[in-house]
Every structure is written in C-alpha cells, then in structure tokens.
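Here is the structure we will look at, set down as structure tokens.
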There are 2 protein chains.
Amino acid sequence: MSFFSRKMDYALLVLSHLHGNPDGSSAREISAKFSISRPFLANIMKTLCHHGYLSSHRGVHGGYVLIRKPEDIALADIMQSLDEPFHLTDCSKDIEKQTCSARNFCPIRTGMSGVHDRIRTILKDVTLAEILDPTIRPSISRQFGLELVSHGTHK
Amino acid sequence: MSFFSRKMDYALLVLSHLHGNPDGSSAREISAKFSISRPFLANIMKTLCHHGYLSSHRGVHGGYVLIRKPEDIALADIMQSLDEPFHLTDCSKDIEKQTCSARNFCPIRTGMSGVHDRIRTILKDVTLAEILDPTIRPSISRQFGLELVSHGTHK
DNA sequence: TTGAAATGGTACTAATTTAGTTCTATTATT
DNA sequence: AATAATAGAACTAAATTAGTACCATTTCAA
Ligand code: FES
Ligand code: FES
C-alpha cells in the first residue's frame, strides 16, 4: 500500500487546481481534467469544504473556491482531515491507550518514537505551497531547528 | 492505517530480541514474550531468514540467530523484504509504468517527488542499531549531505 | 415555472490488502 | 519413538480503502 491514500492524492490535485483557478471550479471540471471518478471526487471536495479548506457555492454556476493560503496547508493537516492523523505503527495508537502488551519492556519503543517524530516533522512542515513550487523549500532549515550549510554536492 | 505494517513492527521486535540473544531464540519464545500469534510470527521469521537476516537451525533445540549487523539493517531494507518498497502514492508506481493519466500536466508531480525522497532518505538511513540505541543517531548529519550546527533549542 | 447543474449528507457496496490460519513435510535432539 | 523445532505453500478471515447510490437542497437561466 501507498503512504498516501488516493483521497489524499486527489485532494492535493484539487487544491492545486483550485489554487490556479481563483474564481473556483466544480467537481465535474476537476474530475474530467484528471480523469477521476466524479462522485468519489465530489465526496472528497465535500470533506475539504467541511474542514475549511474550500468555500462552496451551489447552483448552476456553483463550485468550490480555495480559501486557505497554500503556505498554511500542511500535508499533515490534509491527512488528518481526510483519513486519520499520521502514526507509525498500530502500537503507537495502543500506547496512548496503554494496551500494548509489550509497552513496559519494548526494545524499540524509544527508537521508533524518534522515527515517528522525524516523519511527522516533514508532514507538518511541507505545505501545499512547497508542493506547487518545490524551489521554495522554506522548510528544510526549520526542520530540526538547525542551521544548514551546503556541501556543494547538493545541487 | 499505520505507516508500518504489523509484519514490519513484529520483525523489528524479532530482530531486536535476537540481537539481545546472540545464541538465538525460537518463534515460540518470541511469540510468548511479546504475546504475538505464533504461526504468524513464524511466517515472518521464515521470511527474514529467507532474506538473509537470520540463520536457522531445525530440531528440538533449533531456532534462529541474527546474522546481519544491526548497523547494516535499514528500515527500508526490512520493508522491502516483508512488504514492498516504500512509495508515496499509487501514482508513483503508475508513473514508472507511465500510465498515470495526469503525468504530462500534473501540478504536484515534482513536489511530491521531493517529499518521497525525504521520507525515503530517513528509511534508508535509520538502522536497527539506531532503533535499539537512539542516542547513536549517526544518521542526521548524513541526511541531506549538509553540515549541521545546533541552534540550542534542540536539546 | 420548470429544468439543469451544482453541492449536502448519508448510507451502502465492491475491491483490495492485511492479518492470521492450516496443513504437511523435514530436520534434529533426547 | 516422541517431541520440538523450521520449511513451504495454500488458504481464510478481518479490516480498510475505494467507489457508488440516493435523495435533498440551492441556484440560475431559459
Ligand atoms: S510494540 Fe508496543 S510498545 Fe513497542
Ligand atoms: S497524479 Fe500522476 S503524475 Fe501526478
């Protein structure tokens, strides 16, 4: 399975398309452009609207408009709105409920938590703005609260 | 769904346990210790053996022994052996096959590829050794081929 | 005022993947 | 000979994801 669900992927296409069309667009248009099932995409757009990414307008010339700034939309946000918050393992859910049978002697608990944080940092840091224009990358220097100096091998 | 499958999670427990038991251990012991279904765990251990992580010994006092160094086992390796290689979206598989209908005008293709690389870098960089002892972290400075200087907020 | 095109909301079904089981064979020890 | 282990393959069940369907409501325009 993929890391991002199709809903997630389609949502990014929707948000990208709407960013390029400030006057808005309908589910019909977007599903046609990207060859995505219309009812499925419509459901996703309902959800995005519900979570405050889009405003909607009904009727013959209705549709959706992007109302949040791309730089304020992190991948982690979309993920949480559409599917569920990111977590590394089943156990990381269990740990909060303290039901994991291994929790008191788990040899990988701390280490995994570090990996979890590193991936989550990326998801919280990368925004729609960066997806649309990867040359921006405001994120990398914030990623660990560290200063970065290029070595030159990094083109 | 979780980022790591249960197979992946259990495999890490197995590898960790075997690292702490250089004389080896059986599926029965490990399944009992962590309260994991024995036949399921046995399948996972067969796979790990098959992929060269473990050596096996049949018979009454048989079992498995870890034969690869923890610092040579990256998360990405285990993932590939047990499930499939990491990929961000369904589309990233399609792109290789060039079947994605949006591939020629996709607004997120380049940006997503960047995110893909950043996550994959973590998975290739974090090893079992780091999972077992998170204070090691040889990885972070290699992560982007960059020099890192702490700001002080990073404890 | 009627019809078409849009969203709103909910429930349902189908497809796929993951998780787990079962069975039989083989090997090694006691 | 009995027992405890791995080897390998096939199978089943549970859960998740992907996608449909239905009906209601709103808006616009002919
Ligand atoms: S597997 Fe649950 S705490 Fe580690
Ligand atoms: S969704 Fe396939 S190339 Fe972007």
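Throughout, protein chains are lettered first and strands after them, A, B, ... in sequence-line order, and every chain is numbered starting at 1. Atoms considered below: every heavy atom in the structure, side chains included; atoms not considered: hydrogens, waters and symmetry mates.
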For [X] and [N], what is the distance between atoms [atom1] and [atom2] respectively, to the nearest whole Å?
X       : N      : atom1 : atom2 : result
B/Ile44 : D/dG8  : CD1   : P     : 16 Å
A/Phe4  : D/dA18 : CZ    : P     : 13 Å
B/Phe40 : C/dT22 : CZ    : P     : 14 Å
B/Leu41 : D/dA7  : CG    : C1'   : 15 Å
A/His87 : D/dT16 : NE2   : C1'   : 12 Å
B/Asp9  : C/dA19 : CG    : C1'   : 13 Å
B/Tyr10 : C/dT21 : OH    : C1'   : 14 Å
A/Leu82 : D/dA18 : CG    : P     : 10 Å

Residues in side-chain contact (heavy atoms from CB on, under 4.5 Å) with [X], at least two apart?
X        : value
B/Ser37  : B/Pro39, B/Phe40
B/Asp133 : B/Thr135, B/Ile136
B/Ala27  : B/Ala42, B/Met45
B/Ser101 : A/Ser35

| request: Only pairs at least two apart or in different chains count here, so list each side chain to side chain donor-acceptor pair (under 3.5 Å) that has a residue in residues 46-65 of chain B. | output: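 Non-adjacent pairs meeting side chain to side chain donor-acceptor pair (under 3.5 Å): B/Asn43-B/Lys46, B/Tyr53-B/Ser81.
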| For A/Gly63, does its backbone N or O pair with a side-chain atom of A/Ser26 as donor and acceptor, under 3.5 Å? |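 Absent.
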| request: Would you work out how much the helix from C/dT1-D/dA30 to C/dT30-D/dA1 bends between its ends, with each end axis defined by five base pairs, to 10 degrees? | output: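 It comes to 10° between the two terminal axes.
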| request: Heavy atoms only: give me the nearest B/Pro70-B/Thr127 pair and the separation to one decimal. | output: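 What the structure gives for the nearest pair is O-CB, 3.5 Å.
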Just list the side-chain donor-acceptor pairs under 3.5 Å for residues 16-24 of chain B, sequence neighbours left out, or say none.
residue : atom : partner : partner atom : Å
B/Ser16 : OG   : B/Leu12 : O            : 2.7
B/His17 : ND1  : B/Lys33 : NZ           : 3.4
B/His17 : NE2  : B/Asn21 : ND2          : 3.4
B/His17 : NE2  : B/Ser25 : OG           : 3.3
B/Asn21 : ND2  : B/His17 : O            : 2.8

For nucleotides 12-18 of chain C, print each protein N/O atom paired with a nucleotide N/O atom at under 3.5 Å, atom names and distance only.
residue : atom : partner : partner atom : Å
C/dT18  : OP1  : A/Met1  : N            : 3.1

| Can you name the residues that form a salt bridge (charged side-chain N to carboxylate O under 4.0 Å, His left out) with B/Asp83, not counting sequence neighbours? |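 With sequence neighbours excluded, B/Asp83 shows a salt bridge (charged side-chain N to carboxylate O under 4.0 Å, His left out) to B/Lys7, given in chain and number order.
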| Which nucleotides of nucleotides 3-11 of chain C have their base under 4.0 Å from a protein heavy atom (B), which only their sugar-phosphate (S), and which neither (-), written as one string 5' to 3'? | -BBBBBBB-
| task | Please list all pairs passing the ring-ring contact (aromatic ring centres under 6.0 Å, His included) test where one or both residues lie in residues 103-126 of chain A, with sequence neighbours left out. | result |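 Counting only pairs at least two positions apart or across chains, the ring-ring contact (aromatic ring centres under 6.0 Å, His included) contacts touching residues 103-126 of chain A are A/Phe86-A/His116, A/Phe105-B/Phe34.
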| task | Provide the full list of salt bridge (charged side-chain N to carboxylate O under 4.0 Å, His left out) pairs with a residue in residues 65-80 of chain A, sequence neighbours left out, each pair given once. | result |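 Matches after skipping sequence neighbours: A/Arg68-A/Asp77.
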